[in-house]
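Each remark here refers to the structure printed beneath this line.
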Amino acid sequence: MISQKAKYAMRALVALARVEPGTSLMIGEIAESQNIPKKFLEQILLDLKREGIVTSRRGKAGGYLMMRAPDAVSFGEVLRLIDGPLAPLPCLSKVAYHRCADCTSESACEIRHVFAKVAEATRDILDGTTLADSLSATAAGHTIPGMDA
């Protein structure tokens, strides 16, 4: 399961992606509209800012806004940023690979073979789905490709 922090990060980004490019939203606006605790949201937005996904403005028209276009931010990127590797087993991780401690042979591991398919499908969907995709699918009342099961 994804963490609550990751869900909040994705909901905050979707809220920011919904507004006109260059438009900022105050933390309080995002927190209220997305039902996210404000203090928790502040930390999440700082993480997203450090990674260059959002930026902030000071002053009367201040707040947070998307630094990158919604079609350039995938759900996989956000999930890795907040929760770490997507792989269900450490031996399947592309960014944090390490051999399982109790493994004698990765090539003969039946469990690894099954979960390799799960990891690949998960990566394909999460890395292939952007914030823009989710907005257009929601607006049209459609499901996201690969998720119509």
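The model shown is predicted, which means the values in this text are computed figures rather than measured ones.
- Paired with L131 under the rule side chain to side chain contact (heavy atoms under 4.5 Å, CB included), one option of P70, S136, S74 passes, and it is P70.
- Residues Y8 and P37 have side chains in contact (heavy-atom distance under 4.5 Å, counting atoms from C-beta outward).
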Test R68 against E77 for salt bridge (charged side-chain N to carboxylate O under 4.0 Å, His left out), laying out the working first.
-> CA-CA 13 Å; R68 292 178 18 211; E77 176 185 7; 2.6 Å; yes
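- Heavy-atom minimum distance, S134 versus V14: OG-CG2, 4.1 Å.
- Atom CD1 in I82 sits 5.0 Å away from atom CG in L48 (nearest 0.5 Å).
- Within the 3.5 Å criterion, the main-chain N or O of S93 finds no donor-acceptor partner in the side chain of H98.
- Residue L41 holds its CG atom at 11.5 Å from NZ of K5, rounded to the nearest 0.5 Å.
- Other residues, nucleotides and ligands contribute more than 12 heavy atoms inside 6.0 Å of the CD atom of E106.
- A salt bridge links R80 with D127: the distance from a Lys NZ or Arg NE/NH1/NH2 to an Asp or Glu carboxylate oxygen falls below 4.0 Å.
- In the hydrophobic clustering of ILVMFWY residues, with side-chain heavy atoms under 4.5 Å counting as a link, V19 and I27 come out together.
- Heavy-atom contacts from other residues, nucleotides or ligands closer than 6.0 Å to NZ of K7 number 12 or fewer.
- Interatomic distance, CZ of F75 versus OG1 of T129, reported as 7.0 Å (0.5 Å rounding).
- Atom CZ of R99 sits in a crowded spot, with more than 12 heavy atoms from other residues, nucleotides or ligands closer than 6.0 Å.
- To the nearest 0.5 Å, the span separating CD1 on I30 from CG on N35 amounts to 14.0 Å.
- Heavy atoms of other residues, nucleotides or ligands lying less than 6.0 angstrom from CG of L46 number more than 12.
- Taking all atoms of both residues into account, the shortest heavy-atom contact from S24 to R57 is OG-NH1, 4.0 Å.
- Residues I44 and L81 fall within the same hydrophobic cluster, defined by Ile, Leu, Val, Met, Phe, Trp and Tyr side chains chained together at heavy-atom separations under 4.5 Å.
- Inspection of the S56 and K49 side chains reveals an N or O donor paired with an N or O acceptor under 3.5 Å.
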Could you give me the CA-CA distance, side-chain angles and deciding distance for L65 and T23, then say whether side chain to side chain contact (heavy atoms under 4.5 Å, CB included) is met?
-> CA-CA 6 Å; L65 63 152; T23 303; over 6 Å; no
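- Summarising the local packing, CD of E29 is surrounded by more than 12 heavy atoms from other residues, nucleotides or ligands at distances under 6.0 Å.
- Using a 4.5 Å cut-off on side-chain heavy atoms (C-beta onward), D47 and I53 make no contact.
- Atoms CD and CZ, from Q4 and F40 in turn, are 7.5 Å apart once rounded to the nearest 0.5 Å.
- Taking the charged nitrogens against the carboxylate oxygens, E42 and K39 do have a contact shorter than 4.0 Å, which makes a salt bridge.
- Taken from CE in M10 to CD in Q34, the straight-line distance is 13.0 Å, to the nearest 0.5 Å.
- Here the shortest heavy-atom pairing between A9 and V78 reads CB-CG1, 4.2 Å.
- If you chain together hydrophobic residues whose side chains sit under 4.5 Å apart, M67 and L16 never meet in one group.
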Could you walk me through whether D71 and T130 pass the side-chain hydrogen bond (donor to acceptor under 3.5 Å, both in side chains) check?
-> CA-CA 5 Å; D71 64 355; T130 66; over 6 Å; no
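- For the pair R112 (side chain) and C91 (backbone), a donor-acceptor distance under 3.5 Å is present.
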Evaluate the criterion side chain to side chain contact (heavy atoms under 4.5 Å, CB included) for residue pair L92 and F115; output intermediate values, then yes/no.
-> CA-CA 8 Å; L92 294 170; F115 281 95; 3.8 Å; yes
